[in-house]
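Below is one structure, written out as structure tokens, with a few remarks after it.
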Amino acid sequence: MATILEVAKKAGVSVATVSRVLNNRHQVREVTRSKVEQAIIALNYEPSVLGRNLRNSESRLLLVLIPSIANPFYTEIINGIEDTAIKEGYNIMLCETDSNPQREAIYFNLVRNRMADGIILMDPTINRNNVLQLADQHPIVQCSEFDKDGLISYVSINNELAAYQAVKHLIKIGRQRIALINSEEKFLYARERRAGYERAFREYGRSVNPSYMYNIKGLSFENGQQAMRMLLEQQEKPDAVFAVSDVFAIGALKEIHEAGLSVPDEIAIIGFDKISFSNMTYPTLTTIAQPMYRMGSISAEMIIAKIRGEKVESHLLEHELIIREST
């Protein structure tokens with residue numbers, strides 16, 4: 001493989017001049033530029049991307065922080081991030097934090113040490129003070145979960161409104177005992193979706209029954225199954241369930257089937273996210289669709305704009321209630 005020194009020798013110029021041509025600097029005469037370009041073609045020279053990035057004090061690398069790669073919710077968001085990043089000349093590195101402060105520190109230091117240019121943050125458990133300190137000096141964008149004080153730019157949906165519309169749908173089809181399967185309320189989305197659940201009850205003059213509200217620590221299919229098992233032990237079983245994720249809803253659906261109950265005849269169920277599996281269940285799952293690919297694409301556009309020093313506004317995108325067989 002040819003070197004920059006060989007290019008300079010063949011063109012009869014200095015290495016610095018070749019570098020200026022490669023970096024598209026304007027202070028090179030057209031005749032000289034032409035000689036260098038001909039030498040590059042003749043020698044089939046390929047400049048070092050790493051070397052160029054080091055000279056420009058950039059890595060062209062974006063970090064995408066998620067709590068777990070096992071959660072299918074992130075798949076379409078990551079696709080949107082990667083497609084947009086590549087189109088803009090950036091690569092991404094997917095970082096699983098496992099909600100571990102030590103891992104968080106490692107990834108943050110990559111940005112501090114200029115080994116990455118910015119962070120798209122999707123882990124809601126990361127220490128808020130650490131994030132704000134980093135964001136004061138380095139580009140960060142939040143995707144899905146965000147800081148409600150608005151100190152860091154974000155892209156998300158109106159979780160409270162989406163949950164309200166889901167529960168309102170259950171009420172309008174005649175369900176009386178509507179349960180909530182929720183995450184821990186240290187997460188903003190969990191608090192907002194509970195607020196939407198309660199808003200629908202208030203609008204129809206109903207009282208919330210705390211025994212039908214179940215919060216779980218994990219985020220897995222099995223957690224949804226366990227929550228549904230506990231709800232089915234109630235003396236008066238719920239006739240509908242709103243689960244704050246499709247993963248929970250699919251777990252709940254399995255438990256309902258194992259209890260010998262019919263969906264939606266005896267228990268209707270709604271999930272949240274519209275992951276690909278939600279259309280493969282029996283019956284197919286009614287769910288709130290988040291525009292996940294678009295969220296990823298917009299978050300990539302936002303972080304690249306921040307890296308370029310541009311002002312970035314936050315975005316709340318539209319969601320949609322997808323009515324299927326489970327209701």
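Only heavy atoms go into these numbers, but all of them, side chains included; no hydrogens, no water, no symmetry mates.
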Practice problem: In sequence, state the C-alpha distance, the side-chain angles, and the governing distance for Arg112 and Asn109, and then conclude on side-chain contact (heavy atoms from CB on, under 4.5 Å). | Solution: CA-CA 5 Å; Arg112 291 191 182 100; Asn109 282 334; 3.0 Å; yes
Quiz item: Quick one: are His169 and Lys172 in side-chain contact, heavy atoms under 4.5 Å?
Solution: no
Quiz item: Nearest heavy-atom pair of Ala116 and Leu63: which atoms, and what distance?
Solution: CB-CG, 3.6 Å
Quiz prompt | Heavy-atom pair of closest approach, residues Leu285 and Ala249 | solution = CD2-CB, 3.7 Å
Quiz item: Do Arg324 and Ser278 have side-chain N/O donor and acceptor atoms under 3.5 Å apart?
Solution: yes
Quiz item: For the hydrophobic clusters of this structure (ILVMFWY residues joined by side-chain heavy atoms under 4.5 Å, transitively), does one cluster hold both Leu321 and Ile269?
Solution: yes
Per-pair distances, 0.1 Å, donor-acceptor, side chain in residues 194-201, under 3.5 Å, sequence neighbours excluded:
unit_1 : atom_1 : unit_2 : atom_2 : d
Arg194 : NE     : Glu185 : OE1    : 2.9
Arg194 : NE     : Glu185 : OE2    : 2.6
Arg194 : NH1    : Glu198 : OE1    : 3.2
Arg194 : NH1    : Glu198 : OE2    : 3.2
Arg194 : NH2    : Glu185 : OE1    : 3.1
Tyr197 : OH     : Ile178 : O      : 2.6
Arg199 : NH1    : Glu160 : OE1    : 3.1

Quiz item: Is Tyr293 reachable from Met122 through a run of I, L, V, M, F, W or Y residues, each pair having side-chain heavy atoms under 4.5 Å apart?
Solution: no
Practice problem: Decide yes or no for Leu253 and Pro283: does some side-chain heavy atom of the first lie under 4.5 Å from some side-chain heavy atom of the second? | Solution: yes
Exercise. For Ser314 and Tyr154, indicate whether the former's side chain and the latter's backbone hold a donor-acceptor pair under 3.5 Å.
Key: yes
Quiz item: Side chain of Asp117, backbone of Leu62: donor and acceptor closer than 3.5 Å?
Solution: no
Practice problem: Following the transitive rule for hydrophobic clusters with a side-chain heavy-atom cut-off under 4.5 Å over Ile, Leu, Val, Met, Phe, Trp and Tyr, establish whether Val155 and Leu161 coincide in one cluster. | Solution: no
Self-check item: Atom pair CD1 (Ile92) and CD1 (Ile78), whose distance is rounded to the nearest 0.5 Å
Solution: 6.5 Å
Self-check item: Test item: Asn223 side-chain N/O and Ser220 main-chain N/O as donor-acceptor pair under 3.5 Å
Solution: yes
Quiz item: side-chain contact (heavy atoms from CB on, under 4.5 Å) between Ile120 and Ile77: does it pass, once the steps are laid out?
Solution: CA-CA 11 Å; Ile120 297 174; Ile77 295 179; over 6 Å; no
Quiz item: Within the distance-only criterion (no hydrogens, no angle test), does the side chain of Asn100 pair as donor or acceptor with the backbone N or O of Gln102 below 3.5 angstrom?
Solution: yes
Quiz item: Do Glu88 and Arg308 touch side chain to side chain, with heavy atoms closer than 4.5 Å?
Solution: yes
Quiz item: Can you tell me if CZ on Phe277 sees more than 12 non-hydrogen neighbours from other groups inside 6.0 Å?
Solution: no
Quiz item: Quick one: do the Ser297 and Arg294 side chains pair a donor with an acceptor below 3.5 Å?
Solution: no
Quiz item: Out of curiosity, does Ile41 fall in the hydrophobic cluster containing Val28 (side-chain heavy atoms, cut-off under 4.5 Å, transitive links)?
Solution: no
Quiz item: Side-chain donor-acceptor pair under 3.5 Å between Asn79 and Glu76, yes or no?
Solution: yes
Practice problem: Check the surroundings of atom CE in Met230: do more than 12 heavy atoms from other residues, nucleotides or ligands lie under 6.0 Å from it? | Solution: no
Quiz item: Side chains of Ser144 and Tyr189: is there a donor and an acceptor less than 3.5 Å apart?
Solution: no
Self-check item: Nearest heavy atoms of Leu170 and Val241, plus distance in Å
Solution: CD1-O, 4.0 Å
Quiz prompt | Close side-chain approach of Lys254 and Phe221, heavy atoms under 4.5 Å | solution = yes
Self-check item: Glu233 bridged to Arg229 by N-O distance under 4.0 Å
Solution: no
Quiz item: Distance from Tyr107 atom OH to Leu134 atom CG, nearest 0.5 Å?
Solution: 14.5 Å
Quiz item: Is Ile323 linked to Phe272 within one hydrophobic cluster, defined over Ile, Leu, Val, Met, Phe, Trp and Tyr using a side-chain heavy-atom separation of less than 4.5 Å?
Solution: yes
Quiz item: Going by atom types only, do Thr97 and Glu104 share a side-chain donor-acceptor pair under 3.5 Å?
Solution: no
Quiz prompt | Any donor-acceptor N/O pair, Glu325 side chain to Thr284 backbone, under 3.5 Å | solution = yes
Exercise. Step through the shown structure and confirm whether more than 12 heavy atoms of other residues, nucleotides or ligands are within 6.0 Å of NZ on Lys35.
Key: no
Quiz item: Counting N and O atoms only, with roles assigned by atom type, does the side chain of Asn182 sit under 3.5 Å from a partner on the main chain of Ala190, one being a donor and the other an acceptor?
Solution: yes
Exercise. Work out which heavy atom in Tyr214 is nearest to a heavy atom in Ala227; give both atom names and the distance.
Key: CD2-CB, 3.4 Å
Quiz item: Rounded to the nearest 0.5 Å, how far does NE2 of His319 lie from CG of Asn158?
Solution: 6.5 Å
Self-check item: Min side-chain heavy-atom separation Val111-Ile140 under 4.5 Å
Solution: no
Practice problem: Walk me through it: do Ile307 and Tyr90 pass the test side-chain contact (heavy atoms from CB on, under 4.5 Å)? | Solution: CA-CA 11 Å; Ile307 290 166; Tyr90 284 81; 3.7 Å; yes
Quiz item: Under 4.5 Å between any side-chain heavy atoms of Leu180 and Val208, yes or no?
Solution: no
Practice problem: Answer whether the closest heavy-atom distance between the side chains of Tyr212 and Glu236 falls below 4.5 Å. | Solution: yes
Quiz item: Would Ser34 and Gln38 count as having a side-chain donor-acceptor pair, cut-off 3.5 Å?
Solution: yes
Exercise. Check whether more than 12 heavy atoms from other residues, nucleotides or ligands sit under 6.0 Å from atom CD1 of Ile69, and answer yes or no.
Key: no
Quiz item: Nearest heavy-atom pair of Leu232 and Ala259: which atoms, and what distance?
Solution: CD1-CB, 3.8 Å
Quiz item: Can you check whether Ser262's main-chain N or O pairs, donor with acceptor, with Glu266's side chain at less than 3.5 Å?
Solution: yes
Quiz item: Arg33 and Glu30: side-chain contact (heavy atoms from CB on, under 4.5 Å), yes or no, with the steps?
Solution: CA-CA 5 Å; Arg33 182 183 297 277; Glu30 202 55 44; 3.8 Å; yes
Quiz item: Does the Glu145 side chain pair with the main chain of Leu188, one donor and one acceptor, at a distance under 3.5 Å?
Solution: yes
Quiz item: What distance separates Leu121 CG from Phe108 CZ, expressed to the nearest 0.5 Å?
Solution: 6.0 Å
Quiz item: Aromatic rings His257 and Tyr282: how do their planes relate, parallel, tilted or perpendicular, breaks at 30° and 60°?
Solution: parallel
Quiz item: Just by distance, do the side chain of Asn209 and the backbone of Ser211 share a donor-acceptor pair under 3.5 Å?
Solution: yes
Self-check item: Heavy-atom side-chain contact between Arg177 and Gln234 under 4.5 Å
Solution: no
Exercise. Report yes or no: does Arg175 contribute a side-chain atom to a donor-acceptor pair with the main-chain N or O of Asp239 at less than 3.5 Å?
Key: yes
Exercise. Please say whether more than 12 non-hydrogen atoms of neighbouring residues, nucleotides or ligands are located less than 6.0 Å from CD in Glu318.
Key: no
Quiz item: How long is the span from the CD1 atom in Ile81 to the CD1 atom in Ile86, to the nearest 0.5 Å?
Solution: 12.0 Å
Quiz prompt | Minimum-distance pair of heavy atoms, taken over all atoms of Asn215 and Ser183 | solution = ND2-O, 2.8 Å
Self-check item: Separation between CD1 of Ile256 and CE of Met228, rounded to the nearest 0.5 Å
Solution: 4.5 Å
